[in-house]
Amino acid sequence: QVQLVESGGGLVQAGGSLRLSCAASGRLFSRYGMGWFRQAPGKEREFVAAISGSSSRTSYADSVKGRSTISRDNAKNTVYLQMNSLKPEDSAVYYCAVAPSGYSGSYDQNYDYWGQGSQITVSS
């Protein structure tokens with residue numbers, strides 16, 4: 001069982017930046033693929049970004065590519081999502097997730113553990 005604790009969400013004006021953090025429990029963090037997903041009201045959950053255990057592979061949804069950076073610190077069991085140039089359409093609950101099988105990109109079926117979610121609201 002892996003527990004995830006997210007932090008860093010909040011209210012920000014359009015054009016602003018936020019960094020989400022997700023701290024994971026356990027000793028095998030460096031082996032896990034990690035991902036960020038989001039869900040806006042009335043919409044399905046969607047992929048945002050993913051990173052491999054060694055940080056050698058990353059991927060992004062087209063909607064955030066060039067504005068967002070996923071990173072991780074395996075010594076701290078933490079994954080980050082830096083989001084810049086935020087837009088109102090980025091408003092959503094953001095979830096981090098663990099893929100014990102390794103890097104999984106946008107394939108949410110591989111993500112077995114999910115955080116509680118962190119709200120980002122971008123005002124226009």
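Just so it is clear, the model here is predicted, and its values are computed rather than measured. Numbers for residues simply follow the sequence, beginning at 1.
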Decide whether V2 and V79 are clustered together by the hydrophobic rule: side chain heavy atoms of Ile, Leu, Val, Met, Phe, Trp, Tyr closer than 4.5 Å, transitively. yes

May I have all residue pairs that pass side chain to side chain donor-acceptor pair (under 3.5 Å) and include part of residues 13-27, sequence neighbours excluded? S17-N84

Give a yes or no on whether F29 and I70 share a hydrophobic cluster (residues Ile, Leu, Val, Met, Phe, Trp, Tyr; joining criterion: side-chain heavy atoms under 4.5 Å apart). yes

Using atom types as modelled and distance alone, determine if a side-chain donor or acceptor of E6 lies under 3.5 Å from a backbone N or O of S118. yes

In the single-linkage hydrophobic clustering (I, L, V, M, F, W, Y; side-chain heavy atoms under 4.5 Å), do F47 and V64 co-cluster? no

In terms of heavy-atom contacts, G9 and L18 come closest through C-CD1, 4.5 Å

With distance as the sole test, does N77 use its side chain to make a donor-acceptor pair with the main-chain N or O of A24 at under 3.5 Å? yes

If you measure from NZ on K87 to OG on S63, what distance do you get to the nearest 0.5 Å? 8.5 Å

For residues 29-41, which residue pairs qualify under salt bridge (charged side-chain N to carboxylate O under 4.0 Å, His left out), counting only residues two or more places apart or in two chains? R38-E46, R38-D90

Are V48 and V12 grouped together when hydrophobic residues (ILVMFWY) are joined by side-chain heavy atoms under 4.5 angstrom apart? yes

Closest non-hydrogen contact found for S71 with I51 is CA-CD1, 3.7 Å

At what distance, to the nearest 0.5 angstrom, does CD of Q109 lie from OG of S101? 11.5 Å

Would you call Y113 and P100 a side-chain contact if the rule is heavy atoms closer than 4.5 Å? yes

What's the verdict on side chain to side chain contact (heavy atoms under 4.5 Å, CB included) for Y80 and D73, showing C-alpha distance, side-chain angles and the deciding distance? CA-CA 8 Å; Y80 305 96; D73 184 339; 4.1 Å; yes

Neighbour count >12 (heavy atoms, 6.0 Å) for atom CD, Q3: no

Can a donor-acceptor pair be found between the side chains of N74 and S30 at a distance below 3.5 Å? no

For the residue pair S124 and P88, what are the closest heavy atoms and their distance? CB-CG, 3.8 Å

Side chains of V98 and D112: closer than 4.5 Å at any heavy-atom pair? no

Which residues pass the salt bridge (charged side-chain N to carboxylate O under 4.0 Å, His left out) test with R57, sequence neighbours left out? none

When every non-hydrogen atom of S68 is compared with those of L81, the smallest separation belongs to CB-CD1, 4.3 Å

Would you name the heavy atoms of M34 and L4 that are closest together and state the gap between them? CE-CD2, 4.4 Å

Quick one: which of Y95, Y111, Y107 gives a ring pair (Phe, Tyr, Trp, His ring centres under 6.0 Å) with F37? Y111

Do the side chains of Y60 and L20 join up, straight or via other hydrophobic residues, at under 4.5 Å, putting them in one cluster? yes

Pairing donors with acceptors under 3.5 angstrom, does anything connect the side chains of Y103 and S56? no

Backbone of S52 reached by a side-chain donor or acceptor of R72 within 3.5 Å: yes

What pair of heavy atoms forms the shortest contact from V93 to G117, and how long is it? CG1-CA, 3.7 Å

As a quick check of understanding, evaluate side chain to side chain contact (heavy atoms under 4.5 Å, CB included) for Y94 and M83, giving each step before the final call. CA-CA 12 Å; Y94 284 70; M83 300 192 71; 3.6 Å; yes

Does S104 use its side chain to pair, donor to acceptor, with the backbone of G102 at less than 3.5 Å? yes

